Amino acid sequence: MSKAKKKAKQKEEWTPELLVFCCNWCSYAGADLAGVSRFQYPPNMRIIRVMCSGRVDPTFVLKALKDGADGVLITGCHIGDCHYISGNEYTRDRFKKLHEIIIKQLGIDGKRVRLEWVSASEGKRFADLITEFTNQIKELGPLKVF
Amino acid sequence: MRNLLKRCYQCGRCSGVCQLSKVQKYTPSKIIQLILEGFEDKVIESGVLWDCLTCNQCLKDCPEEINFADIVRMARWKMRHIANQNPDELIAHKGMYTTISEIMSRPYIQPERSLDWVSKGCKISDKGTTLYYVGCLPYFNYEFENSDSIAKSTLKILCQIENEPIVVFKDEICCGHDIYWGQGKLKTFIKLGKKNMEMFEKAGISKIVTACAECYRTFKVDYPGIFDDFNDKFEVKHIIEFIYDNWKQNKIKFKNPSESSERIPFTYHDPCRLSRFLPKDNNITEKTREIFKEFKRLGYDFKEMEHNKKNSLCCGVSSWMNCNEKSKALRYKRMLEAKAAGDIMLTSCPKCKIHLSCLQDDFEDIASIEIMDFSEFLVDHIEIINPDKDTEITE
Ligand code: SF4
Ligand code: SF4
Ligand code: FES
């Protein structure tokens, strides 16, 4: 989005911009199911599909925040269900550290970065999760990075 | 750029001494020649200059004192902004730490750094005259365990010597070194600089002490280059200088807490930012040696590595750029030198410590060397003469 457009948009009403990482095998299918079943959820997020939540490097999250995302959500298969056996366990450990050491110390509210497990059958849950997350970020307001 | 290089007469010494040229095809003198012949654009386009370690070995031997590392720094700006190159895949740790610095440069971001590493009994405050500038150490904990032990030891030393509480900012931001040298992002660097200056002024700082070679060089040379009055306002000291001054003023002396009579050989790795990146009249390397001489008395044997002081070899990575197999080869070489010289290797740059100890996981033969920061080593070896206060600093 160009800067001018963004400014114009800000004048209207602020809506958060969220980034969601979905793993190919569970969460993306979950998101798909939410769509096919026509569950409504707020439209201000973008999904990036990755093969496994283990692919999401913590730097992706930081770069997203740096470039203007107001919140980042990482979703993957439930623990034990990862199609690469332990990808999501790595993600879990890594994100705990990312939260405690980097996000917190940067003075960014920890609620803006979230890790959730969504399976392929949980379309409803996916929709609810996005709604809840969006509302949460709305409450926090924009992350002023510029 | 051409004007800065005009004096080069192609003696080729820089290429001879450049460490990088030993592990890959890379010759600074050739690059200079190309630029002089008018192919600056080609050089910029090719992106070779992302590879330079900016270690400044070449400057040290150049008869014409051509500061090639500085040229590389400027070229990187051009490569990024004019040739639109994005070196993301060359940045170590996927750009984690440089991204953090960039986030910190933004005006509304106010870090809330952990102060868990501050020892009990160390009095700190957020206003005062002497600042301990910690640098990015608390963030390094993400990947490198116990990085903040350097901060802990340094603060302990400062607290013991100074009577006033030391200023440690909870919202301290990055000095911008890596952004400036590695990334060519001049604007971000200036933003960080301005934000830093404001913070220092607001807290009433007049003296900045740091234990990081990069922060030191940045404050000492690069900030004054951009903000004219920086040097008039703030006195910048590396912890080595700080200890040295106090020692010369007879405020402290050195002791050896261990009873054993075995002599321990140790060596010192000069970080490039302290040995080659400072004005000529700065004699911090000599000061370090003088302190080490004193340690002879205490049952330590200080031995130089084959390459030392201004000739010291690079730790392999600078500004989080290019950590790869070539850099590992350079580091391995350095570690072998260290092994030949002593059991303990000191350094005074947290990143040198990180880079060199990282290699120890890969190679067993060098794993026995203990790599320590200068302040981590010295903290137990300092005794205050006539302490007029009782500081009980516990863990
Ligand atoms: S050492 Fe100096 S004068 Fe000699 S080739 Fe290199 S830059 Fe040119
Ligand atoms: S700064 Fe170091 S790596 Fe770069 S050209 Fe000079 S000697 Fe080689
Ligand atoms: S495949 Fe879904 S988290 Fe690994």
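Here the structure is a predicted model, which is why all the values come from computation and not from measurement. Order of the sequence lines fixes the chain letters, A, B, ..., with proteins taken first and strands second; residue numbering starts at 1 for each chain. Because only heavy atoms are used, hydrogens play no part in the values below, and waters and symmetry mates are left out as well, while side chains stay in.
- The number of heavy-atom neighbours closer than 6.0 Å to NZ of A:Lys97, taken from other residues, nucleotides and ligands shown, is above 12.
- A:Arg94 contributes atom CZ, which lies 6.5 Å from atom OH of B:Tyr142 (distance to the nearest 0.5 angstrom).
- A donor-acceptor contact shorter than 3.5 Å is absent between the side chain of A:Lys66 and the backbone of B:Ile103.
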Does the pair A:Gln105 and B:Asn141 meet the rule for a side chain to side chain contact (heavy atoms under 4.5 Å, CB included), with working shown?
-> CA-CA 11 Å; A:Gln105 292 202 73; B:Asn141 268 352; 5.8 Å; no
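- Interface check for chain B: of the options A:Ile102, A:Leu106, A:Asp57, the most heavy-atom pairs under 4.5 Å are formed by A:Leu106.
- When the shell of 6.0 Å around CD of B:Glu89 is examined, it contains more than 12 heavy atoms from other residues, nucleotides or ligands.
- Under a cut-off of 6.0 angstrom, the local environment of CD1 in A:Ile85 is sparse, with at most 12 non-hydrogen atoms contributed by other residues, nucleotides or ligands.
- Here the closest heavy-atom approach between residue A:Lys63 and residue B:Lys94 is recorded as NZ-O, 3.6 Å.
- For B:Lys194, the NZ atom sits in a loose shell: 12 or fewer heavy atoms of surrounding residues, nucleotides or ligands are nearer than 6.0 Å.
- Other residues, nucleotides and ligands place no more than 12 heavy atoms under 6.0 Å from the OH atom of A:Tyr90.
- Within the 4.5 angstrom heavy-atom criterion, only side-chain atoms of B:Asp88, from C-beta onward, approach chain A.
- Ranked by heavy-atom pairs shorter than 4.5 Å toward chain B, the options A:Ile108, A:Leu65, A:Leu98 are led by A:Leu98.
- Contact of the B:His93 side chain with the A:Thr59 side chain is not registered, since no non-hydrogen atoms from C-beta on lie closer than 4.5 Å.
- Contacts of A:Lys144 with chain B are made by both backbone and side-chain atoms, with heavy-atom separations under 4.5 Å.
- Taking a 6.0 Å sphere around CZ of A:Arg55, one finds it holds 12 or fewer heavy atoms contributed by other residues, nucleotides or ligands.
- Heavy atoms from other residues, nucleotides or ligands lying under 6.0 Å from CH2 of B:Trp117 number more than 12.
- The line from OG of B:Ser114 to NZ of A:Lys104 is 7.0 Å long, rounded to the nearest 0.5 Å.
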